[in-house]
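Some notes on the structure that comes next.
Here the structure is a predicted model, which is why all the values come from computation and not from measurement. Order of the sequence lines fixes the chain letters, A, B, ..., with proteins taken first and strands second; residue numbering starts at 1 for each chain.
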Protein chains: 2
Amino acid sequence: MSETKWLSADERNAWVKLTAVLELLPAALDLQLSRDEGLTHFEYFTLAMLSEAPKRMLRTSALAARTNATLPRLSRVVTRLEGAGLVERSPCAEDRRATNVALTEGGWQKVVAAAPGHVAAVRRLVIDSLTPAQVENLSEILTVVVKQLDPDGRMLASDS
Amino acid sequence: MSETKWLSADERNAWVKLTAVLELLPAALDLQLSRDEGLTHFEYFTLAMLSEAPKRMLRTSALAARTNATLPRLSRVVTRLEGAGLVERSPCAEDRRATNVALTEGGWQKVVAAAPGHVAAVRRLVIDSLTPAQVENLSEILTVVVKQLDPDGRMLASDS
DNA sequence: TAGCCAAACTTGCAGGTACAATTAAGTTGT
DNA sequence: ACAACTTAATTGTACCTGCAAGTTTGGCTA
């Protein structure tokens, strides 16, 4: 039962700013994507992860790890995206419990169409107001933070 | 109709890390607070904003601005917190359309009780892995970002 | 090869949030 | 003084997510 070590003024200031970003940035990203493309940021991110995978296909649980979604959540998102014709489910040959999720041609084109607007939003909201040195600092700082949040690196995995 | 200006490798790396934090950090904060105190991070934040206000009281819309919640969302959160005895609604004397939301004594004690665990989580997940210089850099960087996200500074308002 | 535990989803149910419509009260213009 | 407009807050409806339970398949052990 130790004394609480409170935050210093600098620490507190950084934290307040971070909570503001946590609250505002997801909403801003969702707004642009749903307005322009009818996708949530999470749906876009899911499609983007698939688009970068070999053969544009991943097993459901690998996709869940990359998007940091729970399996139930991803299952329903995939159902929606499948309904929109953007992805396809297929049984996995090696393990018949598993299902593969693959981007359809339409899904690929959706990602290609949505990417420029999304990147523009990322630039406008974050990147373009920072100096190159700040971008690099931010990257280093967040690398450390992510290591605390996701020690196993599930979200950045490069394996199959 | 201009060409898309894609992200450089550095920019992309910073962005990937930021999206990871956006996904993981809220979940981690919610986990600690709901496990230890039965509060969501948003509920805790709402109580904390009230605790810092003069007389521990704010009008609903001022509280909504500080927490960046929509009015409907805040209305329901306040209803829940009121049900738990942590806040009280009272009609506003100057403007009878408005309602004031005030922390009860129990609500104040809840904040006091919850703060140490929350601060510990903030330290563990973010602050303590960074050098003082990184904390300051982070603060500067996020100040710029917040300016893009919230140009009017609603979330950091110091007025009534 | 029979039996048992673990893994990969999927679905039922409960809870929280957004958007739109609603109610009530202040403000403005004539 | 009254009608039209704006603002503050709440509620109806629909959707999304988490947790827990269920189903099918894989792997391990006797």
Is A/Arg89 close enough to C/dC9 that one of its side-chain N or O atoms is under 4.0 Å from OP1 or OP2 there? no
Using 0.5 Å steps for rounding, measure from the CG atom of A/Leu74 to the CG atom of A/Asn68. 11.0 Å
Would you say a side-chain N or O of A/Thr99 is under 4.0 Å from OP1 or OP2 of C/dC9? yes
Could you list the residues that satisfy side-chain contact (heavy atoms from CB on, under 4.5 Å) with A/Gln109, not counting sequence neighbours? A/Glu105
So, B/Thr79 side chain and B/Ser75 main chain: donor-acceptor pair closer than 3.5 Å or not? yes
Close N/O contacts between protein and nucleotides 26-28 of chain C (under 3.5 Å):
from   : atom 1 : to      : atom 2 : distance (Å)
C/dG26 : OP1    : B/Arg96 : N      : 3.1

Please determine whether side-chain contact (heavy atoms from CB on, under 4.5 Å) holds for the pair B/Ser51 and B/Lys110, giving the CA-CA distance in whole Å, both sets of side-chain angles, and the decisive distance to 0.1 Å. CA-CA 10 Å; B/Ser51 75; B/Lys110 186 75 175 174; over 6 Å; no
For nucleotides 12-22 of chain C, give me one character per nucleotide, 5' to 3': B if any protein heavy atom sits under 4.0 Å from the base, S if the only such contacts are to the sugar-phosphate, - if neither. BB--SBBBB--
Can you list, pair by pair, the side-chain donor-acceptor contacts under 3.5 Å of residues 142-149 of chain B, counting residues two or more places apart and other chains?
from     : atom 1 : to       : atom 2 : distance (Å)
B/Thr143 : OG1    : A/Lys17  : NZ     : 3.2
B/Thr143 : OG1    : B/Ser139 : O      : 2.6

For B/Val111 and B/Leu50, run side-chain contact (heavy atoms from CB on, under 4.5 Å): C-alpha distance rounded to whole Å, both residues' side-chain angles, the deciding distance at 0.1 Å, then the answer. CA-CA 10 Å; B/Val111 174; B/Leu50 278 177; over 6 Å; no
After noting the C-alpha distance and the side-chain angles of A/Leu39 and A/Leu86, does the key distance pass the side-chain contact (heavy atoms from CB on, under 4.5 Å) rule? CA-CA 11 Å; A/Leu39 293 173; A/Leu86 302 176; 4.3 Å; yes
Would you list the atom pairs, donor with acceptor, under 3.5 Å between side chains in residues 120-137 of chain A and any protein atom, with sequence neighbours excluded?
from     : atom 1 : to       : atom 2 : distance (Å)
A/Arg123 : NE     : B/Lys5   : O      : 2.9
A/Arg123 : NH1    : A/Asp128 : OD1    : 2.8
A/Arg123 : NH2    : B/Trp6   : O      : 2.7
A/Arg123 : NH2    : B/Glu11  : OE1    : 3.0
A/Thr131 : OG1    : A/Gln134 : N      : 3.0
A/Gln134 : OE1    : A/Thr131 : N      : 3.1

List for me each residue that meets side-chain hydrogen bond (donor to acceptor under 3.5 Å, both in side chains) alongside B/Asp30, sequence neighbours excluded, and say none if there are none. none
Could you give the start and end, 5' to 3', of the contact zone on DNA chain D for chain A, using atoms under 4.0 Å from its heavy atoms? D/dC16 to D/dG26
With sequence neighbours excluded, residues passing salt bridge (Lys or Arg N to Asp or Glu O under 4.0 Å) with A/Arg96: none
With B/Glu88 via side-chain contact (heavy atoms from CB on, under 4.5 Å) - residues at least two apart: B/Thr104
Just to verify, what does B/Thr70 make a side-chain contact (heavy atoms from CB on, under 4.5 Å) with, not counting sequence neighbours? B/Pro72, B/Arg73
Dot-bracket notation for DNA chain D, counting Watson-Crick and G-U pairs under 3.5 Å, with | for partners on another strand: ||||||||||||||||||||||||||||||
Salt bridge (Lys or Arg N to Asp or Glu O under 4.0 Å) filter on A/Arg80, not counting sequence neighbours, yields A/Glu43
